[in-house]
Amino acid sequence: MEPLAKERCAACRPNSPRVTAYEIVQLKPEIPDWNFIEKNGIPQLERTYKFPDFKTAIAFTNSVGEVAETQGHHPALLTEWGKVTVTWWTHAISGLHRNDFIMAAKTDAIANQFPK
């Protein structure tokens, strides 16, 4: 099976299926540093990345934004001095879709290109 980071996001509609508990167990090992959170009753994936300065944090933010745009799937990004918090969920279904796991893996791959 292809690694999540190499997959492409599928178009989501309001009737697209959320990931099941079984699928989460299968997908989570590929994004071990991501946390499951819930905001306003919506399950989400979240991770905070640390960087040596603001310039690196904003460059990372821009890189994530570029990949998000090419995939048609966009995160919440909070950029601060030396850190960026990335949150993925699928707005159309108010929950988690396979796309969120794909983009979390892609975000990890992007982060590996930056100094810590």
Side-chain angles (χ1 to χ4, degrees):
M1 184 180 236
E2 187 174 40
L4 281 173
K6 298 289 185 188
E7 291 186 34
R8 182 153 180 83
C9 289
C12 274
R13 309 259 183 272
N15 64 347
S16 294
R18 292 182 179 188
V19 290
T20 65
Y22 176 78
E23 290 169 319
I24 289 171
V25 169
Q26 300 301 308
L27 297 169
K28 180 66 168 110
E30 289 198 53
I31 56 163
D33 298 319
W34 286 78
N35 298 305
F36 290 96
I37 63 165
E38 190 172 301
K39 289 184 184 172
N40 301 318
I42 299 171
Q44 302 174 9
L45 294 172
E46 186 170 87
R47 181 171 179 192
T48 299
Y49 297 89
K50 296 190 178 184
F51 300 100
D53 51 35
F54 185 76
K55 183 177 180 180
T56 306
I58 199 73
F60 170 75
T61 298
N62 289 334
S63 293
V64 171
E66 288 175 24
V67 172
E69 191 64 20
T70 66
Q71 296 291 311
H73 193 51
H74 305 90
L77 296 163
L78 173 60
T79 305
E80 303 174 80
W81 192 98
K83 69 180 179 177
V84 178
T85 301
V86 182
T87 311
W88 290 104
W89 76 99
T90 300
H91 298 78
I93 62 172
S94 297
L96 292 172
H97 185 273
R98 184 178 184 89
N99 289 346
D100 301 303
F101 290 82
I102 290 168
M103 292 307 294
K106 287 182 182 298
T107 305
D108 284 346
I110 294 165
N112 289 335
Q113 300 171 13
F114 287 86
K116 308 298 182 266

Heavy atoms, side chains only, cut-off 4.5 Å: are Phe36 and Lys28 in contact?
yes

Applying salt bridge (charged side-chain N to carboxylate O under 4.0 Å, His left out) to Lys39 and not counting sequence neighbours gives Glu46

In this structure, OG1 of Thr20 is separated from CG of Leu96 (nearest 0.5 Å) by 11.5 Å

Heavy atoms of Phe114 and Thr56 approach each other most closely as CD2-CG2, 3.8 Å

Correct closest heavy-atom pair for Asp53 and Trp81 would be CA-CZ2, 3.7 Å

*Could you tell me whether the side chain of Val86 reaches within less than 4.5 Å of the side chain of Phe60, counting heavy atoms only?*
yes

Next on the checklist: Whether the side chain of Arg18 engages the backbone of Ser94 through a donor-acceptor N/O pair (distance < 3.5 Å, no angle test) should be reported.
Outcome noted: yes

Heavy atoms of Asn99 and Cys12 approach each other most closely as ND2-SG, 3.5 Å

Value for OG1 (Thr90) from CE (Met103), rounded to nearest 0.5 Å, stands at 10.5 Å

When every non-hydrogen atom of Pro75 is compared with those of Val64, the smallest separation belongs to CG-CG1, 4.1 Å

Is there side-chain contact between Lys106 and Ile102, with at least one heavy-atom pair below 4.5 Å?
yes

In this structure, NE2 of His91 is separated from CD1 of Ile93 (nearest 0.5 Å) by 11.5 Å

Heavy-atom nearest pair, Ser16 first then Ala11, reads OG-O, 4.3 Å

In this structure, NZ of Lys116 is separated from NZ of Lys50 (nearest 0.5 Å) by 13.0 Å

Review point. Do Leu45 and Ile24 belong to the same hydrophobic cluster, where Ile, Leu, Val, Met, Phe, Trp and Tyr are linked whenever their side-chain heavy atoms lie under 4.5 Å apart, directly or via other members?
Key: yes

In the structure I gave you, are the side-chain heavy atoms of Leu78 and Lys83 within less than 4.5 Å of one another anywhere? no

Per side chain to side chain donor-acceptor pair (under 3.5 Å), Thr107 is matched among Tyr49, Trp88, Trp34 by Trp88

Do Arg8 and Gln71 come close enough that some side-chain heavy atom pair is under 4.5 Å? yes

On a heavy-atom basis, the closest approach of Ser63 and Ile110 is CB-CG2, 3.7 Å

**OP:** Start with the C-alpha gap between Arg47 and Asp108, add the side-chain angles, then the distance that decides, and say whether side chain to side chain contact (heavy atoms under 4.5 Å, CB included) holds.
**Re:** CA-CA 9 Å; Arg47 181 171 179 192; Asp108 284 346; 2.5 Å; yes

To the nearest 0.5 Å, atom CG of Asp100 lies from atom OG1 of Thr87 at 10.5 Å

Exercise. So, do Glu7 and Arg98 sit near enough that their side-chain heavy atoms are less than 4.5 Å apart?
Worked result: yes

To the nearest 0.5 Å, atom CG of Leu27 lies from atom CG of Leu4 at 5.5 Å

